[in-house]
Peer 1: 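One structure coming up, written as structure tokens, with questions to follow.
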Amino acid sequence: MSVTKNDRAAWLQGPTAECSAVGQPQGQSWRLVLLGAPGVGKGTQADLLHQRLGACHLSTGDVFRAAAGRTDCKPSPAMLAALGYMRRGELVPDDTVWEMVRERSACLRCRGGFLLDGFPRTLGQAEALRLHMEVEGISLSAVVNYELPLDEIVERLSGRRVCEKCKAVFHATRQRPHVDGICDHCAGRLYQREDDRAEAVKVRMEVYERSTAPLIEFYREYDLLLPVPATGKPDEICARTLAALVARTDRKVASLA
Ligand code: AP5
């Protein structure tokens, strides 16, 4: 896949869409899951890591939002139901999510690697991904778990602004665009996500604790978990993530020697 910023075309459009170019892995091919509470900064880090590692940013939330914005075809009943769950801040049922990921499985096999953002987020999804990757003969490099205090997370979510065209993410006070309300990359309009309203954020945090936090233990048991503090500036967090990935790889190599 292309390493152009925010080129997520095939993943967003579905199984029949073709990537504009197959990415060349810069060194190792990384297959990462980015874990962490809503608003911790997974999408922001995925964009930065994509630039550094070449792996594609695959966000299940992006796919649902793209489906909501499409005017060229009618959404399926399952997709309509999914959008209702999303608006309320609840999780989309596992079957719908897995169907959507499975039909894009070429992205998981891509030799450029991937950065999964927002998937898996239940034990059922994690197990489905594990079995699928086993059948495909591929494995995860690591699961990065971003950690941040709740008050900081709420501040990040309430100020988030997203480009309606290229999906780039900004913050009303901390990562301001050069021109208010306009995307720096493509001049698209910036908007506030519906599920960033206070009522939906509360539901999302409860759902995270109940359904997604157990994945931390799941991946620890598979020796894939890599905790990374998500405090500081995006570039600092990205550098911390890269350093943790390198240290983990060195440890693995040393343990084989
Ligand atoms: P999804 O889109 O995955 O949302 P999320 O996990 O709730 O995560 P967010 O996108 O809200 O936050 P983020 O961690 O990416 O933070 P960001 O980088 O934007 O899912 C949305 C919904 O879709 C779900 O609720 C569910 O309904 C459905 N869904 C999706 N996947 C599903 C699945 N697998 N199963 C079931 N349902 C599913 O950053 C946040 C803000 O902070 C931004 O404004 C950013 O500019 C700012 N910021 C980032 N880093 C920093 C920093 N270091 N310092 C200051 N500000 C920062």
Side-chain angles (χ1 to χ4, degrees), residues 6 8 11-12 33-50 57-68 78-79 81-102 115-126 128-129 144-149 151-163 167-177 183-184 190-197 200-208 210-213 215 228-241:
N6 292 312
R8 306 174 190 163
W11 175 254
L12 289 183
V33 167
L34 306 186
L35 209 58
V40 76
K42 302 180 294 295
T44 303
Q45 289 308 312
D47 278 340
L48 294 172
L49 291 169
H50 164 65
H57 176 185
L58 310 180
S59 154
T60 41
D62 274 355
V63 175
F64 293 130
R65 281 183 288 279
M79 188 54 86
L83 300 178
Y85 285 108
M86 195 170 163
R87 248 174 250 124
R88 293 190 294 275
E90 296 165 19
L91 290 186
V92 175
D94 281 358
D95 288 353
T96 310
V97 177
W98 179 243
E99 182 60 23
M100 198 266 292
V101 173
R102 204 182 50 83
L115 303 157
L116 275 175
D117 162 14
F119 178 87
R121 60 211 287 165
T122 65
L123 288 170
Q125 292 177 17
L129 178 67
V144 180
N145 184 37
Y146 287 112
E147 302 170 331
L148 195 68
D151 55 344
E152 174 68 11
I153 288 178
V154 171
E155 161 65 25
R156 287 187 186 180
L157 281 177
S158 60
R160 170 166 50 196
R161 300 294 180 268
V162 184
C163 174
K167 316 298 169 209
V169 175
F170 297 85
H171 191 276
T173 54
R174 292 151 170 225
Q175 281 181 272
R176 300 178 61 161
C183 176
D184 289 351
L190 302 185
Y191 73 102
Q192 182 166 35
R193 269 169 48 173
E194 229 178 320
D195 62 350
D196 281 346
R197 289 172 293 113
V201 167
K202 187 166 176 289
V203 176
R204 285 162 69 198
M205 291 303 172
E206 288 164 3
V207 168
Y208 168 77
R210 192 170 59 244
S211 303
T212 309
L215 294 188
V228 173
T231 45
K233 297 200 172 93
D235 283 343
E236 293 166 355
I237 302 163
C238 181
R240 208 176 283 147
T241 308

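In each ligand, atom 1 is the first atom listed, and ligand 1 is the first ligand listed.
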Peer 1: Do me a favour and list the nearest non-hydrogen protein atom to atom 1 (P) of ligand 1 with residue, atom name and distance?
Peer 2: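 Minimum-distance protein heavy atom for atom 1 (P) of ligand 1 reads Arg121 NH1, 3.8 Å.
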Peer 1: Just wondering, are more than 12 heavy atoms of other shown residues or ligands nearer than 6.0 Å to CZ in Arg176?
Peer 2: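 For Arg176, atom CZ is not crowded (no more than 12 foreign heavy atoms under 6.0 Å).
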Peer 1: Given Cys183, which of Val169, Leu190, Val162 fulfils the side chain to side chain contact (heavy atoms under 4.5 Å, CB included) condition?
Peer 2: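 The single option meeting the side chain to side chain contact (heavy atoms under 4.5 Å, CB included) with Cys183 is Leu190.
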Peer 1: Are Arg240 and Glu147 ion-paired here, with the side-chain N under 4.0 Å from a carboxylate O?
Peer 2: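 Here Arg240 does not pair with Glu147 in a salt bridge, since their nearest N and O are not under 4.0 Å apart.
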Peer 1: Can we say Asp62 and Lys167 salt-bridge, meaning some charged N sits less than 4.0 Å from an Asp/Glu carboxylate O?
Peer 2: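 Salt bridge flag = no for Lys167 with Asp62.
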Peer 1: Among protein heavy atoms, which lies nearest atom 44 (O) of ligand 1, and at what distance?
Peer 2: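 Answer, as residue, atom name and distance: Phe170 O, 2.7 Å.
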Peer 1: Out of Arg174, Arg156, Glu152, who is nearest to atom 52 (C) of ligand 1 when you count heavy atoms only?
Peer 2: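 Residue with the shortest heavy-atom distance to the ligand atom: Arg156.
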Peer 1: Tell me which protein heavy atom sits closest to atom 12 (O) of ligand 1, plus the residue, atom name and distance to 0.1 Å.
Peer 2: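 Residue, atom and distance for the closest contact: Gly39 N, 2.9 Å.
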Peer 1: Would you say Val97 and ligand 1 have an N/O pair spaced under 3.5 Å apart?
Peer 2: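 No; the residue has no nitrogen or oxygen that sits under 3.5 Å from a nitrogen or oxygen of the ligand.
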Peer 1: The test is side chain to side chain contact (heavy atoms under 4.5 Å, CB included); show your working for Arg156 and Arg174 and say whether it passes.
Peer 2: CA-CA 9 Å; Arg156 287 187 186 180; Arg174 292 151 170 225; 4.2 Å; yes
Peer 1: Heavy-atom contacts under 4.0 Å between Ile237 and ligand 1: side chain, backbone, both, or neither?
Peer 2: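 The answer is the side chain.
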Peer 1: Please work out, at 4.0 Å between heavy atoms, whether the side chain, the backbone, both, or neither of Leu157 comes within that distance of ligand 1.
Peer 2: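 Within the 4.0 Å criterion, Leu157 contacts ligand 1 through side-chain atoms alone.
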Peer 1: Which bit of Tyr146 gets closer than 4.0 Å to ligand 1, counting heavy atoms only: side chain, backbone, both or neither?
Peer 2: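 Neither; no heavy atom under 4.0 Å.
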Peer 1: Quick one: nearest non-hydrogen protein atom to atom 37 (N) of ligand 1, plus distance?
Peer 2: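 I find the closest protein heavy atom is Val92 N, 3.0 Å.
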Peer 1: Any idea which part of Gln45 is under 4.0 Å from ligand 1, heavy-atom wise: side chain, backbone, both or neither?
Peer 2: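 Gln45 to ligand 1: no contact under 4.0 Å from either part.
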Peer 1: Give a yes or no on whether a salt bridge exists between Asp195 and Arg193, defined as a side-chain N under 4.0 angstrom from a carboxylate O.
Peer 2: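 A salt bridge links Asp195 with Arg193.
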Peer 1: How far is atom 8 (O) of ligand 1 from the closest protein heavy atom, and which atom is that?
Peer 2: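 Closest protein heavy atom to atom 8 (O) of ligand 1: Lys42 NZ, 3.3 Å.
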Peer 1: Near Gly43, which atoms of ligand 1 are under 4.0 Å from a heavy atom of that residue?
Peer 2: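 Those atoms are 13 (P), 15 (O), 18 (O).
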Peer 1: Taking N or O atoms only and a 3.5 Å limit, does Thr44 qualify as a polar contact for ligand 1?
Peer 2: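 Right, the criterion is met.
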Peer 1: Ignoring angles and geometry beyond distance, decide whether Ser59 reaches within less than 3.5 Å of ligand 1 through its nitrogen or oxygen atoms.
Peer 2: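 Among all N and O atoms of Ser59, none is under 3.5 Å from an N or O of ligand 1.
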Peer 1: Quick one: do Arg102 and Asp95 make a salt bridge, cutoff under 4.0 Å?
Peer 2: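 Judged by the 4.0 Å cut-off on N to carboxylate O distance, Arg102 and Asp95 do not form a salt bridge.
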Peer 1: Residue-level breakdown please: for Asp195 versus ligand 1, do any non-hydrogen atoms fall below 4.0 Å on the side chain, on the backbone, on both, or on neither?
Peer 2: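 Contact part for Asp195 vs ligand 1: side chain (C-beta onward).
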Peer 1: Backbone, side chain, both or neither: what part of Leu91 comes under 4.0 angstrom of ligand 1, heavy atoms only?
Peer 2: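 Both parts.
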Peer 1: Considering non-hydrogen atoms of the protein only, which is the closest contact for atom 43 (C) of ligand 1, and what is the distance?
Peer 2: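 For atom 43 (C) of ligand 1, the nearest protein heavy atom comes out as Val169 CG1, 3.4 Å.
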Peer 1: For ligand 1, is any non-hydrogen atom under 4.0 Å from Gln175's backbone (N, CA, C, O), its side chain (CB onward), both, or neither?
Peer 2: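 Under 4.0 Å from ligand 1, Gln175 contributes side-chain atoms alone.
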Peer 1: Please report whether ligand 1 has a polar contact with Arg204, defined as an N or O pair separated by less than 3.5 Å (distance criterion only).
Peer 2: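 In this structure, Arg204 places an N or O atom under 3.5 Å from an N or O of ligand 1.
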Peer 1: Can you tell me the protein heavy atom closest to atom 26 (C) of ligand 1 and the distance?
Peer 2: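 Looking only at protein heavy atoms, the one closest to atom 26 (C) of ligand 1 is Glu90 O, 3.5 Å.
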Peer 1: For the CG atom of Leu129 and the CZ atom of Phe119, what is their distance to the nearest 0.5 Å?
Peer 2: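 Reported value, rounded in 0.5 Å steps: 5.0 Å.
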Peer 1: What's the shortest distance from atom 23 (O) of ligand 1 to any protein heavy atom, and which residue and atom give it?
Peer 2: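 Protein heavy atom with the smallest distance to atom 23 (O) of ligand 1: Met86 CG, 3.5 Å.
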